[in-house]
Each structure stands twice: as C-alpha cells, then as structure tokens.
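To start, the structure under review is shown below, and the notes come after it.
Hydrogens, waters and symmetry mates play no part in the numbers below; they use all other heavy atoms, side chains included. Note that ligands are numbered from 1 as they come in the structure, with each ligand's atoms numbered from 1 the same way.
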Amino acid sequence: MKILVTGGCGFIGSNFIRLLLDSRDYEITNLDALTYAGNLESLSDLEDHPNYRFVKGRIEDRDLVAELMRQVDSVVNFAAESHVDRSIQDASSFITTNVMGTQVLLDAFRRAGCKGVFVHVSTDEVYGSLAPDEPAFKETDSLYPNSPYSASKASSDLLCRAAWKTFGLPVVITRCSNNYGPYQFPEKLIPLMIINGLEGRKLPVYGDGQNIRDWIFVLDHCRGCLAALEKGRKGAIYNFGGRCEKTNMEVIRSILEILGLSEEMIEFVKDRPGHDRRYAMDTSLAMRELDWRPEVSFERGIEDTVKWYVDNRYWWERIISGQYRNYYRVQYGKDLGVKP
Ligand code: NAD
Ligand code: TYD
C-alpha cells in the first residue's frame with residue numbers, strides 16, 4: 001500500500017510514520033509544510049529509509065496535492081494548525097489549513113480515483129465541553145466546538161462526511177483525546193511543564209487548574225489511526241481516548257514528582273478565554289469494531305515521556321533556540337520559504 005501522510009513532521013504524524021515503518025511494509029510519502037510546528041529533525045534517523053520520502057508543501061496546494069494523490073492509494077491526514085491558544089490570537093491559518101486544506105485533499109483523492117481509504121484525524125474538542133456528571137462523548141453526539149481551533153476541526157469533519165455521503169468517498173474519521181509523548185512541541189501542557197521544570201522556570205497554570213482532559217499516550221493513538229486505516233468501516237467515526245481523566249493540577253503534580261521538584265514552581269495565571277472544562281471519550285465503538293484499546297497506563301506513559309525529554313535535550317533546545325528551522329536548508333539546500 002502507498003500512503004500519503006500529511007503533517008508527518010508534527011508530533012503525532014512523526015510518531016505514526018515511525019510506527020508504520022517499524023511494523024508495515026507500506027510506502028510512505030510525508031507531505032508537510034514545515035510550519036513552526038513541523039520539525040524535520042523528528043524523523044532525521046528515517047530520512048534514508050527505502051519506504052519513506054519527504055515532500056515539503058501545503059495541503060492547500062491543489063497542483064502538488066493532485067500530483068501526489070495520483071501516486072498513492074490511501075491518505076492519513078494529520079496536517080493541521082493544532083494549538084488552541086494560537087487560534088484565539090489569530091484563526092486565519094486554522095481556516096486555511098484545517099478547513100480549506102482538508103477539502104483540497106478530499107477533491108484530489110476523488111479525482112485521482114485513489115483505491116484506498118481517506119483517514120481524517122480529528123479531535124474530541126469538536127464535541128465541546130462536558131459538565132462533571134455528564135457521560136463521556138459518543139460518536140453520535142452533536143458538535144459544539146468552543147474555540148476557533150475546534151470549530152475549524154469540526155468543519156473539516158463535516159466536509160469529510162459530506163464527501164462520503166455525496167461522492168461515496170471511503171472516509172474514516174477518528175477523534176482522539178489529548179495526546180502526550182515524545183516529539184510534542186513545547187507549547188502544549190505536558191512538554192511545556194517538563195521543560196520549564198528542567199529549566200527552573202515557573203509552571204503557568206490557567207485558571208484554577210481543575211480543567212479535566214482524557215490523556216492518551218501518543219503511540220496508542222497512532223495504533224488507533226493504523227487500525228482505522230486497515231479495518232475502519234467507510235463513513236464511520238471512531239473515538240479514541242486513554243480512559244484517563246485527570247485535572248491539569250494532577251498532571252502537573254505527577255511531572256513535578258518525577259522530576260523531584262517542589263509545587264512552589266506552580267504559578268496560577270489568567271484563564272484561557274472559552275476554556276473547555278472537561279473532555280472524556282467513550283471508546284467502546286473503536287474497541288468493538290477495530291479491536292483497539294489504549295495499552296499504556298498514564299503512570300508508565302508520563303514516566304517515559306519525562307525521561308524522553310530529559311534524554312533528548314538536544315531536540316527541544318534546538319526548538320527553543322530556533323535552530324531546528326535551519327535543518328531543512330542544511331539537508332535540502334533550499335530556504336524554508338514560509339513564515340514560522
Ligand atoms: P502538530 O501541530 O504537532 O503538527 C502539525 C503538522 O502539520 C506540522 O508538522 C505542520 O508543519 C503541519 N502542517 C500545518 N499546516 C500544514 C499545511 N497547510 N500543509 C501541510 N502541513 C501542514 O499537531 P499534532 O499534535 O501532531 O496533531 C496532528 C493532528 O491530530 C491534528 O489534525 C490535530 O487536530 C489532531 N489531534 C491532536 C491531538 C493532540 O493532543 N495533539 C489530539 C487529537 C487530535
Ligand atoms: P493544551 O496542551 O493546550 O491542549 P488543549 O487545550 O487542546 O486541551 O492544554 C491542556 C490543558 O492545559 C488545557 O486545559 C489548558 C491547560 N494549560 C495550562 O494550564 N497552562 C499552559 O501553559 C498550557 C499550554 C495549557
């Protein structure tokens with residue numbers, strides 16, 4: 001099978017490509033724009049793998065996407081603007097990439113007559129926020145996105161559904177809860193707290209720190225995406241989650257404990273506008289139809305993740321210094337040519 005993975009230089013996409021190259025004989029094309037969140041260094045050890053190639057480009061680039069689509073069977077679409085706080089500052093790139101880019105991919109997949117599956121990777125945030133006593137989100141729940149990020153993801157989900165209904169495109173949508181693990185960009189809660197702890201900086205907690213997320217180790221999510229690709233029912237939506245609800249304060253305390261640091265490093269800061277209170281996923285459909293379940297406990301996952309950031313200072317120090325942006329020029333002899 002020949003697969004187009006979009007956004008493969010990001011956190012989840014890079015972990016997914018690593019999983020594929022380790023466990024399957026598929027030919028992978030990684031299309032990534034190398035925005036600030038894309039880091040070629042996350043896959044530097046796989047550059048010469050015979051089943052892997054990198055193409056720098058945007059998913060909204062119709063000509064490029066049309067050409068690539070003629071060369072593949074299936075698509076796994078990770079490419080997105082993914083950070084809620086950035087979407088609050090400026091939503092425009094979220095609309096361009098998440099909404100328009102997804103439609104370009106769907107059109108090109110159809111026109112190229114791809115024989116495989118279109119897996120669209122989405123998020124629990126499309127469902128909105130849960131009250132403390134409400135049951136976990138189900139795939140049949142209505143969408144109530146609250147941030148520009150989640151609204152753009154919900155829009156892309158609906159475009160995928162429409163492509164399935166109107167054109168019979170073999171689309172499978174996955175919605176996952178908060179991921180953590182190696183190669184996550186240090187703007188997200190867990191890597192930010194680990195790095196701030198290691199650097200002796202304060203740990204900024206939004207609001208009262210009692211917001212709840214359902215944490216899943218990134219490899220469990222990647223295994224879910226692979227199961228969706230190989231076994232997903234066309235037109236289906238599958239929820240993935242870690243069945244692991246924790247308040248932000250609980251997560252931060254675990255990190256401080258592993259690092260042997262004091263809670264005095266915590267600093268409560270102004271809350272995020274429209275901050276969703278709680279997410280939780282009902283994953284029974286994926287468990288039943290895909291024979292999938294999360295395998296990594298939070299205790300093991302967070303230990304491994306903290307250890308990874310301790311052992312891979314080089315990776316994140318080059319992000320913080322901005323040097324990671326030079327890697328493309330060094331490898332390919334061309335300028336990045338995009339705004340960070
Ligand atoms: P990320 O921000 O780490 O990576 C996104 C990648 O997409 C980057 O490599 C970036 O360069 C690339 N990209 C951005 N715009 C592009 C464009 N126009 N064309 C081509 N490439 C582009 O994101 P992530 O955390 O790896 O998330 C991947 C996907 O999973 C996203 O669709 C996100 O909505 C979804 N998701 C993430 C989480 C999470 O906890 N991180 C949870 C559920 C779902
Ligand atoms: P984040 O990693 O941005 O993921 P999302 O908003 O998509 O769930 O944030 C996770 C939770 O952590 C969320 O409730 C916001 C909170 N948070 C902080 O308290 N401080 C921070 O510096 C960040 C980045 C997030």
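Protein heavy atom in closest approach to atom 6 (O) of ligand 2: R272 NH1, 2.5 Å. At the top of the distance list for atom 25 (C) of ligand 2, counting protein heavy atoms only, stands Y206 CE1, 3.6 Å. Looking only at protein heavy atoms, the nearest one to atom 12 (O) of ligand 2 is N248 ND2, 3.3 Å.
Checked by distance only, ligand 2 and Y279 stay at 3.5 Å or farther apart across all their nitrogen or oxygen atoms. In terms of N/O distances under 3.5 Å, ligand 2 is not approached by W215. Distances between N or O atoms of E187 and those of ligand 2 include no value under 3.5 Å. Residue contacts with ligand 2: R213 is placed with a nitrogen or oxygen under 3.5 Å of a nitrogen or oxygen of the ligand (distance criterion only). By the 3.5 Å distance cut-off applied to N or O atoms, P204 is counted among the residues near ligand 2. Taking any N or O of L189, backbone or side chain, at least one lies under 3.5 Å from an N or O belonging to ligand 2.
Surrounding NZ of K2 are at most 12 heavy atoms belonging to other residues, nucleotides or ligands under 6.0 Å away. For CD of E47, the number of neighbouring non-hydrogen atoms (other residues, nucleotides, ligands) closer than 6.0 Å is greater than 12. More than 12 heavy atoms of other residues, nucleotides or ligands lie within 6.0 Å of CZ in R24, so this atom counts as buried by the packing criterion.
Remark: ligand 2 atoms within the under-4.0 Å shell around heavy atoms of E125 are 5 (P), 7 (O), 8 (O). The ligand atoms of ligand 2 that sit less than 4.0 angstrom from a heavy atom of K188 are 2 (O). For ligand 2, the atoms sitting less than 4.0 Å from at least one non-hydrogen atom of H275 are 13 (C), 14 (O), 15 (C), numbered in the order shown with element in parentheses. For ligand 2, the atoms closer than 4.0 angstrom to any heavy atom of N211 are 14 (O). Listed by number with element, the atoms of ligand 2 under 4.0 Å from a non-hydrogen atom of L192 are 22 (O). Annotation for ligand 2: atoms under 4.0 Å from non-hydrogen atoms of H83 are 3 (O). Every atom of ligand 2 is numbered from 1 in the order shown, and the set under 4.0 Å from a heavy atom of V84 is 6 (O), 7 (O). Below 4.0 Å from some heavy atom of N178 lie the following atoms of ligand 2, by number and element: 4 (O), 5 (P), 8 (O).
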Yes or no on side chain to side chain contact (heavy atoms under 4.5 Å, CB included) for L226 and C222, after CA distance, side-chain angles and deciding distance?
CA-CA 6 Å; L226 183 53; C222 291; over 6 Å; no
Could you walk me through whether V72 and M1 pass the side chain to side chain contact (heavy atoms under 4.5 Å, CB included) test, one step at a time?
CA-CA 8 Å; V72 298; M1 182 152 57; over 6 Å; no
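Closer than 4.0 angstrom to ligand 1 sit non-hydrogen atoms from G7, C9, G10, F11, I12, D32, A33, L34, T35, A37, G38, G57, R58, I59, E60, F78, A79, A80, S82, T97, V121, S122, T123, Y149, K153, C176, S177, N178, N179.
Here the two rings, on Y183 and W308, have centers that are under 6.0 Å apart. Between Y180 and F298, the distance separating the two ring centers is shorter than 6.0 angstrom. Residues Y206 and F268 place their aromatic rings such that the two centres sit no closer than 6.0 Å.
In summary, K202 and E264 do not engage in a salt bridge, as defined by a charged side-chain N under 4.0 Å from a carboxylate O. K153 and E125 are not joined by a salt bridge, as no carboxylate oxygen comes within less than 4.0 angstrom of a charged side-chain nitrogen. Using a 4.0 Å cut-off between charged side-chain N and carboxylate O, R272 and D85 make a salt bridge.
With a heavy-atom cut-off of 4.0 Å, I190 does not touch ligand 2 at all. Of all the heavy atoms of V269, none lies under 4.0 Å from any atom of ligand 2, so neither backbone nor side chain is involved.
You'll find the side chain of L106 reaches within 4.5 Å of the side chain of V171, heavy atoms only.
Take Y279 and apply the ring pair (Phe, Tyr, Trp, His ring centres under 6.0 Å) test, not counting sequence neighbours, and it matches no residue. The ring pair (Phe, Tyr, Trp, His ring centres under 6.0 Å) test applied to Y332 returns F54, Y328, not counting sequence neighbours.
Applying the ring-ring contact (aromatic ring centres under 6.0 Å, His included) test to residues at least two apart or on different chains, the pairs with a partner in residues 73-98 are F16-F78.
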